[in-house]
Amino acid sequence: MGGWAIAVHGGAGVDPNLPLERQEEAKQLLTRCLNLGISSLRSNVPAIDVVELVVRELETDPLFNSGRGSALTEKGTVEMEASIMDGPKRRCGAVSGLTTVKNPISLARLVMDKSPHSYIAFSGAEEFARQQGVEVVDNEYFVTPDNVGMLKLAKEANTILFDYRIPNSGYETCGSGVESPLQMNGLPISVYAPETVGCVVVDREGRCAAATSTGGLMNKMTGRIGDSPLIGAGTYACELCGVSCTGEGEAIIRGTLAREVAAVMEYKNLKLHDAVDFVIKHRLDEGKAGLIAVSNTGEVACGFNCNGMFRACATEDGFMEVAIWE
């Protein structure tokens, strides 16, 4: 085996006019989470535990769209979703429609470890959370002033905001001036940025794991489910690799993007970097997205077809990167 490797993301599709102070805040958070994972891997913590630990940290910080700081539905509430997968036996757990669970990724882990199912959603997931004794909070805990402002902007524009991170002041310079705006199921979206967090890890034993968590789209329809909780779409791990995706959820779902990375490695005998490049170029149609991935030999790769992705990665041989743009 080639040693451990880790990658973390905070979403693909970054507005080129995003203020420098917000870019720096994002890099600091990614660096903190990356170092948390590195410390655990150096202590021989299994990959599945590391991805849960890192994503919990991302969910707790309101900067990105997961846990506290999640995007708001059209009704001004939060509905969160997450999934986790352990590569060696392809065990997995997923949740959707969470409104009170403080750390959705840990409930997904409990679905994997403590239930006979792979996916539990909405009232059933909330009931399961209480049965398992996980920490729950009022829905208001997840709602931030920034997101209340962005929901107002979305409603005024009568659109879903793929970019819920445009600042309340000066947003007129963001997104709308960018050429070739994103489309979702053929409909234009005028502004865009990060909307998911994720982590992928391979440990010293060559065990791969992946975890993804999100609040979804700003001003989304109540009950909308994206790619993040869908095994094979937003999250996938097997003996070969671990993958977490971010971006236009509907395109990721159609392309079964995370599973495709593993599939072309298995059936085309591609190395990790080549597999990621192939999938980004040939499996997204006109969708915009990105992903992070690790292989069981200690490789790490990131790929995206939009203008940026919040990401950080490191390997046991000393490589480390924290970046936003290409």
Side-chain angles (χ1 to χ4, degrees), residues 1-9 30 33-58 82-94 105-106 108-109 111-113 118 197-213 231-246 256-280 290-303 311-321:
M1 297 300 172
W4 57 256
I6 180 174
V8 183
H9 74 73
L30 289 169
C33 292
L34 184 68
N35 285 331
L36 180 66
I38 290 171
S39 177
S40 298
L41 286 164
R42 286 173 174 166
S43 299
N44 295 317
V45 175
I48 190 65
D49 294 331
V50 178
V51 295
E52 180 187 2
L53 177 69
V54 170
V55 172
R56 279 180 63 95
E57 186 73 12
L58 289 163
S83 63
I84 191 168
M85 192 163 188
D86 193 13
K89 294 185 178 180
R90 287 183 288 186
R91 298 168 59 245
C92 60
I105 197 63
S106 290
R109 174 76 185 270
V111 171
M112 180 179 75
D113 288 342
S118 295
V197 303
C199 180
V200 293
V201 165
V202 59
D203 59 28
R204 284 175 174 151
E205 302 299 318
R207 297 171 297 200
C208 298
T212 312
S213 180
I231 298 301
T235 304
Y236 191 74
C238 60
E239 291 185 352
L240 284 175
C241 63
V243 185
S244 174
C245 299
T246 170
T256 57
L257 207 65
R259 166 59 186 159
E260 279 293 293
V261 174
V264 296
M265 289 182 70
E266 183 175 356
Y267 301 124
K268 285 181 171 287
N269 294 315
L270 296 184
K271 296 294 186 181
L272 183 70
H273 288 85
D274 293 333
V276 169
D277 288 344
F278 178 89
V279 167
I280 292 294
L291 62 85
I292 54 175
V294 292
S295 74
N296 63 2
T297 58
E299 300 170 289
V300 64
C302 306
R311 63 198 187 275
C313 55
T315 59
E316 190 167 9
D317 63 11
F319 170 77
M320 180 182 290
E321 178 186 60

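Index from 1, following the sequence. Just so you know, these numbers come straight off a predicted model, no measurement behind them.
Of all non-hydrogen atoms in C208 and A237, the two that sit nearest each other are O-CB, 4.1 Å. Closest of all the heavy-atom pairs between V202 and L41 is O-CD2, 4.2 Å. Here the shortest heavy-atom pairing between L291 and C245 reads CB-SG, 3.9 Å. Nearest heavy atoms, H9 versus S244: NE2-OG, 3.0 Å. Pairing each heavy atom of V276 with each of A293, the nearest pair is CG2-CB, 4.0 Å. When all heavy atoms of M85 and C92 are compared, the closest pair comes out as CG-CB, 3.9 Å.
Expressed to the nearest 0.5 Å, how far CD of E57 lies from CD1 of I105 amounts to 14.0 Å. Going from atom OG1 of T297 over to atom NZ of K271 covers 6.5 Å, rounded to the nearest 0.5 Å. Of the inter-residue distances, the one linking I84 atom CD1 with S106 atom OG reads 7.5 Å to the nearest 0.5 angstrom. Once rounded to the nearest 0.5 Å, the distance linking CG of L36 with CD1 of I6 reads 8.0 Å. Summarising the geometry, atom CG belonging to L53 is positioned 5.0 Å from atom OG belonging to S40; distances are rounded to the nearest 0.5 Å. In this structure, CG in N269 is found 11.5 Å from CG in D274, a value given to the nearest 0.5 Å.
Residues C313 and I292 fail the side-chain proximity criterion, which asks for heavy atoms closer than 4.5 Å.
Of the possible polar contacts, one joining the E316 side chain to the W4 backbone as a donor-acceptor pair under 3.5 Å is found. A side-chain donor-acceptor contact under 3.5 Å links H273 to the backbone of V300. N296 contributes no side-chain N or O that, together with a main-chain N or O of G206, makes up a donor-acceptor pair within less than 3.5 Å.
The salt bridge (Lys or Arg N to Asp or Glu O under 4.0 Å) search around R56 returns none, not counting sequence neighbours. Contacts of N35 classified as side chain to side chain contact (heavy atoms under 4.5 Å, CB included), with partners at least two apart in sequence or in another chain: T31, I38, M320. Listed by chain and number, the residues in a side chain to side chain donor-acceptor pair (under 3.5 Å) with S83 are T235 (sequence neighbours excluded). Checked against side chain to side chain donor-acceptor pair (under 3.5 Å), T315 has the following partners two or more places apart in sequence or in another chain: D317.
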Please set out all donor-acceptor pairs under 3.5 angstrom arising from side-chain atoms of residues 42-51, sequence neighbours excluded.
| residue | atom | partner | partner atom | Å |
| --- | --- | --- | --- | --- |
| S43 | OG | S39 | O | 3.2 |
| N44 | OD1 | R204 | NH1 | 2.8 |
| D49 | OD1 | R109 | NH1 | 2.9 |
| D49 | OD1 | R109 | NH2 | 3.0 |

Counting only pairs under 3.5 Å, give me each side-chain donor-acceptor contact of residues 257-267, with atom names and distances, residues two or more places apart or in other chains.
| residue | atom | partner | partner atom | Å |
| --- | --- | --- | --- | --- |
| R259 | NH1 | Y236 | OH | 3.4 |
| E260 | OE1 | R283 | NE | 2.6 |

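For CD of E321, the number of neighbouring non-hydrogen atoms (other residues, nucleotides, ligands) closer than 6.0 Å is greater than 12.
By the 4.0 Å N-to-carboxylate-O rule, D113 lies close enough to R91 to be salt-bridged with it.
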